[in-house]
A.B. asks: 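There's a structure below that I have some questions on.
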Amino acid sequence: MIVMNDQTCGWIKSLPPRTSIQTISKNQNCDWIIIGAGYTGLSAGRKLGNLHPNSKIILVDSQLAGEGASSRNSGYLVDTTLNDGFTSNKDLKAYKKKADIYKAGIESVKKFIKEYQVNCDWNECGKYFASSQIADQKTLENFSKTLKELNFDHKLVFENDLKKKLGTNFYKVALYTKGGILINPGKLARAMIDTLPKNVELFEKSHLNVWKKNNGSIECEFKNYKIISKKIIFCVNGFLNSLGIKKNYNFPLTLTASMTRSLTSNEYTDIGEPKEWGVLPVKPMGATVRFTKDKRILIRNTAEINKTFLMNNKILNERKKIHKFGIQKRFPNLPLGIIETTWSGVVCRSRNSSQLFEKIDDDIFVAGCYNGSGIGNGVLFGEQIALKASRENTKEISIIENRVKPTWLPPQPFLNIGIRSRLFYERFKAKSEI
Ligand SMILES: Cc1cc2nc3c(=O)[nH]c(=O)nc-3n(C[C@H](O)[C@H](O)[C@H](O)COP(=O)(O)OP(=O)(O)OC[C@H]3O[C@@H](n4cnc5c(N)ncnc54)[C@H](O)[C@@H]3O)c2cc1C
């Protein structure tokens, strides 16, 4: 059987189709159930499978495994962030705690790809925090002080050098950090599916509608069947709120991105034959742009509240126009209409950009809310929540728990009013960078 993977997302489209999947087709009992099979759930599944070889472990996902944000992201495995959403973290101690988590995240991805010999187009080429406004040099110089204190190798780069490295003269100033890795996110997610331990049963296209605690077990209701589990781990990230998990501490945001076809050799020569690169914005609502190994341009430059799992085609087409404009501004000589794929994806945010990692009740655990930086964190938090739920202690758990927890958010409708006004304001501030 050939299973059709999502053709609208450039990363997923280029993966070979899967050959078999199973959906939930009977009532059953298990020792562990993991909800959500992105980086977090797949990583939790791998760890639990290895820790408990004789337990019955079930992993479920509404869509095809890995086809949530985990295969739809921009592929930056970050060691440092200037913005994680809206908050610039200027407190050195807090920044160090955040960076320690990123470091542990990178290590856990590295360990996984080494152990299973995974090819995910790993490129330790660093990254640029770049702006088209020279006035942003001030922000970058302040950021540079933080990075210097914490010994992160970095430098400021200006227009002419940026033009040579990136093939566009759009950017006037950037801070280049040597750390930070670019990957193909879809290939990483697929490898995590392919290497799940044998005792982890994966059920896809199986949406958890309702769950409740009943007589010491957890009852999970799917479309026609029920699974009763001794323990549950929620790994649904942007959908935590919809399942009522830590409702006043996280909220979803929908991002959209587009990817072009590969540039022709003439087009590539015309932009100066740059190597693969990645640019993150200085202003939170600016564009993330990548030039990929196979000479495609990826752009992500919108973030909003959207109520459905995936954005409908009408709105997505409107967002595509914004992506097209962003590419045109940066590469005015490239032909119009080279965008091949456009997609949306859901991230999870908290007010203070902190993550969720906790036992929320007896036998009920949650890991997620990575505020747009969830590749390393997803892999790390997944395995560590499996360890925590198995009552193990690790150095990584201490690193994760050392950081402040997400802070309280106001209830609806005030929350959405607040988010919309903030997005509007940030978007206005970043209008030159979209
Ligand atoms: C456009 C975009 C760009 C991004 N860029 C980057 C980047 O460059 N670097 C970075 O580090 N991070 C980036 N991120 C964030 C990153 O992708 C996420 O933080 C990460 O994928 C989270 O992994 P996860 O496994 O926790 O969640 P997900 O991958 O979202 O997985 C959660 C899964 O839960 C499933 N699910 C939801 N509800 C239910 C239910 N009721 N029943 C069953 N299953 C359910 C979903 O189908 C989904 O597959 C980006 C995200 C987007 C959308």
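Values reported hereafter were calculated over all heavy atoms of this structure, with side chains retained and with hydrogens, waters and symmetry mates removed. If you're wondering where the values come from, they're calculated on a predicted model, not measured in any experiment. Start at 1 and go down the list; that is how both ligands and their atoms are numbered.
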A.B. asks: Counting only nitrogen or oxygen atoms and a 3.5 angstrom limit, does Thr256 reach ligand 1?
C.D. replies: no
A.B. asks: Examine Ala69 against ligand 1 and note whether any of their N/O atoms are separated by less than 3.5 Å.
C.D. replies: yes
A.B. asks: At a 4.0 Å threshold, what atoms of ligand 1 neighbour a non-hydrogen atom of Gly345?
C.D. replies: 53 (C)
A.B. asks: Which is closest to atom 12 (N) of ligand 1 in terms of heavy atoms, Cys369, Ser242, Gly372?
C.D. replies: Gly372
A.B. asks: What part of Val347, side chain from CB on, backbone N/CA/C/O, both or neither, has a heavy atom under 4.0 Å from ligand 1?
C.D. replies: side chain
A.B. asks: Tell me whether Ser70 has any N or O atom under 3.5 angstrom from an N or O of ligand 1.
C.D. replies: yes
A.B. asks: Would you mind telling me if ligand 1 is within reach of the side chain of Asp61, the backbone, both or neither, using heavy atoms under 4.0 Å?
C.D. replies: both
A.B. asks: Under 3.5 Å between any N/O of Gln63 and any N/O of ligand 1: does that happen in this structure?
C.D. replies: yes
A.B. asks: Identify the protein heavy atom lying closest to atom 20 (C) of ligand 1, giving its residue, its atom name and the separation to 0.1 Å.
C.D. replies: Gly374 O, 3.8 Å
A.B. asks: Counting only nitrogen or oxygen atoms and a 3.5 angstrom limit, does Tyr370 reach ligand 1?
C.D. replies: no
A.B. asks: Checking a contact table here: which protein heavy atom is nearest atom 42 (N) of ligand 1, and how many Å away?
C.D. replies: Leu208 N, 2.9 Å
A.B. asks: Under a 4.0 Å threshold between the charged nitrogen and the carboxylate oxygen, would Lys213 count as salt-bridged to Asp361?
C.D. replies: yes
A.B. asks: Judging by distance only, is a nitrogen or oxygen of Ile375 under 3.5 angstrom from one on ligand 1?
C.D. replies: yes
A.B. asks: Are Phe143 and Phe129 close enough that their ring centres sit under 6.0 Å apart?
C.D. replies: yes
A.B. asks: Out of Thr40, Leu298, Asn73, who gets a non-hydrogen atom closest to atom 14 (N) of ligand 1?
C.D. replies: Asn73
A.B. asks: One residue to check: Ile35. Relative to ligand 1, which of side chain, backbone, both or neither has a non-hydrogen atom less than 4.0 Å away?
C.D. replies: side chain
A.B. asks: Can a salt bridge be assigned to the pair Lys295 and Glu276 using a cut-off of 4.0 Å between side-chain N and carboxylate O?
C.D. replies: no
A.B. asks: If you count the atoms of ligand 1 from 1 in the order shown, which ones are under 4.0 Å from a heavy atom of Gly36?
C.D. replies: 33 (C), 34 (O), 35 (C)
A.B. asks: What atoms of ligand 1 come within less than 4.0 Å of a heavy atom belonging to Arg72?
C.D. replies: 1 (C), 2 (C)
A.B. asks: Select one of side chain, backbone, both or neither to describe which atoms of Cys235 lie under 4.0 Å from any atom of ligand 1, heavy atoms only.
C.D. replies: backbone
A.B. asks: Within ligand 1, which atoms have a heavy atom of His207 less than 4.0 Å away?
C.D. replies: 40 (C), 41 (N), 42 (N)
A.B. asks: For ligand 1, note which part of Ser206 has a heavy atom under 4.0 Å away: side chain, backbone, both or neither.
C.D. replies: backbone
A.B. asks: Is the contact between Phe239 and ligand 1 made by the side chain, the backbone, both, or neither, using heavy atoms and a 4.0 Å cut-off?
C.D. replies: side chain
A.B. asks: Find all atoms of ligand 1 within a distance of less than 4.0 Å from any non-hydrogen atom belonging to Gly38, and give their numbers and elements.
C.D. replies: 25 (O), 29 (O), 31 (O)
A.B. asks: Please identify which atoms of ligand 1 are closer than 4.0 Å to at least one heavy atom of Tyr39.
C.D. replies: 21 (O), 25 (O)
A.B. asks: Are the side chain of Asp61 and the backbone N or O of Ala37 linked by a donor-acceptor pair below 3.5 Å?
C.D. replies: yes
